[in-house]
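Report on the structure given below.
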Amino acid sequence: MEENLLPKRSEFNKGAWTAEEDRKLAEVIAVHGARRWKTIANIAGLSRCGKSCRLRWMNYLRPNIKRGNITDQEEDLILRLHKLLGNRWSLIAGRLPGRTDNEIKNYWNSHLSKKVNQNEKQSGASARQGCKAQQRLAENVKEQVREENTSAGCEDSNVGFDVDEFFDFSNEGIRNLEWVSRFLEVNGGL
DNA sequence: AACAACCTCAACCGCATCAGA
DNA sequence: GTCTGATGCGGTTGAGGTTGT
């Protein structure tokens, strides 16, 4: 009686993927490509939702995934990018070949957030100065983007957008971050 | 050896955005 | 212009492993 009132249990498998499921998924993607995840799940005969298949592919099965320890260089880059972009893990992952947004998010939450908190505590007295430094940093970046906009004439440029709007991270207008790549390449450090 | 506390990371969930009908 | 399904993203959870007592 009571079970009639309960929501219908999902018909999808949940939890850890088996090697067999991985193999099936990879096979189907090799043939049909990595899109239309619902269809892929059906073709592969997996009792998984499309979302789950996508996640598994993106975070684990995709070729060129780098597994293992994050190097010091990578860590440094993550810190710099996080300073610049906030919790935009997919954008940060885009700058780290072979790393997934999930991996970077996990690494941040388990390692770097603590590190950053510690550093902030240590420099507690200079917190305000830190804020100012951050503002200066943002201003520097803004200035550089403005220069790029004017020198490139914006027509053909990938960085043609309103700089102030862009740096308002509450705005979801961020789409093309080509300039971030270039900024990091040019500056080498923040 | 046994247990608790902590840590890591794969996977899930909900929401936002995109794209096609 | 609107609707709907697909996709992408960030936050969160929980199982399993590790370390400390």
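Order of the sequence lines fixes the chain letters, A, B, ..., with proteins taken first and strands second; residue numbering starts at 1 for each chain.
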Is the closest basic N to carboxylate O distance between Arg23(A) and Glu20(A) below 4.0 Å?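 Salt bridge flag = yes for Glu20(A) with Arg23(A).
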
Mind telling me whether Trp89(A) and Trp108(A) have parallel, tilted or perpendicular rings, with 30° and 60° as the class edges?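 Tilted, since the angle between the ring planes falls between 30° and 60°.
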
Between atom [atom1] of [X] and atom [atom2] of [Y], what is the distance when rounded to the nearest 0.5 Å?
X        : Y         : atom1 : atom2 : value
Asp22(A) : Trp57(A)  : CG    : CH2   : 10.5 Å
Glu74(A) : Glu103(A) : CD    : CD    : 8.0 Å
His32(A) : Thr39(A)  : NE2   : OG1   : 9.0 Å

Please check if atom CZ in Arg35(A) has more than 12 non-hydrogen atoms from other residues, nucleotides or ligands closer than 6.0 Å.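 Check fails, neighbour count at 12 or below.
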
Is [Y] reachable from [X] through a run of I, L, V, M, F, W or Y residues, each pair having side-chain heavy atoms under 4.5 Å apart?
X        : Y         : value
Leu91(A) : Tyr107(A) : yes
Tyr60(A) : Ile70(A)  : no
Leu61(A) : Met58(A)  : yes

Could you pull out the protein-nucleic contacts involving nucleotides 19-21 of chain B (nitrogen or oxygen on both sides, under 3.5 Å)?
none

Show your reasoning for whether salt bridge (Lys or Arg N to Asp or Glu O under 4.0 Å) applies to Glu21(A) and Arg56(A). CA-CA 10 Å; Glu21(A) 284 178 314; Arg56(A) 183 64 178 169; over 6 Å; no

Between the protein and nucleotides 7-15 of chain B, list every N/O to N/O distance that falls short of 3.5 Å.
residue: dT8(B); atom: OP1; partner: His111(A); partner atom: NE2; Å: 3.4
residue: dT8(B); atom: OP2; partner: Ser110(A); partner atom: O; Å: 3.3
residue: dA10(B); atom: OP1; partner: Arg67(A); partner atom: NH2; Å: 3.0
residue: dA10(B); atom: N7; partner: Asn106(A); partner atom: ND2; Å: 3.0
residue: dA10(B); atom: N6; partner: Asn106(A); partner atom: OD1; Å: 3.3
residue: dA11(B); atom: OP1; partner: Trp17(A); partner atom: N; Å: 3.0
residue: dA11(B); atom: OP1; partner: Arg56(A); partner atom: NH1; Å: 3.0
residue: dA11(B); atom: OP2; partner: Arg56(A); partner atom: NH1; Å: 2.3
residue: dA11(B); atom: N7; partner: Asn102(A); partner atom: ND2; Å: 3.2
residue: dA11(B); atom: N6; partner: Asn102(A); partner atom: OD1; Å: 3.1
residue: dC12(B); atom: OP1; partner: Gly15(A); partner atom: N; Å: 2.9
residue: dC12(B); atom: OP1; partner: Arg48(A); partner atom: NH1; Å: 3.2
residue: dC12(B); atom: OP2; partner: Ser52(A); partner atom: OG; Å: 2.9
residue: dC13(B); atom: OP1; partner: Lys14(A); partner atom: NZ; Å: 2.5
residue: dG14(B); atom: N7; partner: Lys51(A); partner atom: NZ; Å: 2.9
residue: dG14(B); atom: O6; partner: Lys51(A); partner atom: NZ; Å: 2.7
residue: dC15(B); atom: N4; partner: Lys51(A); partner atom: NZ; Å: 3.1

Range on DNA chain C touched by chain A - first to last nucleotide, heavy-atom distance under 4.0 Å: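 From 5' to 3', the first and last contacting nucleotides are dA6(C) to dT12(C).
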
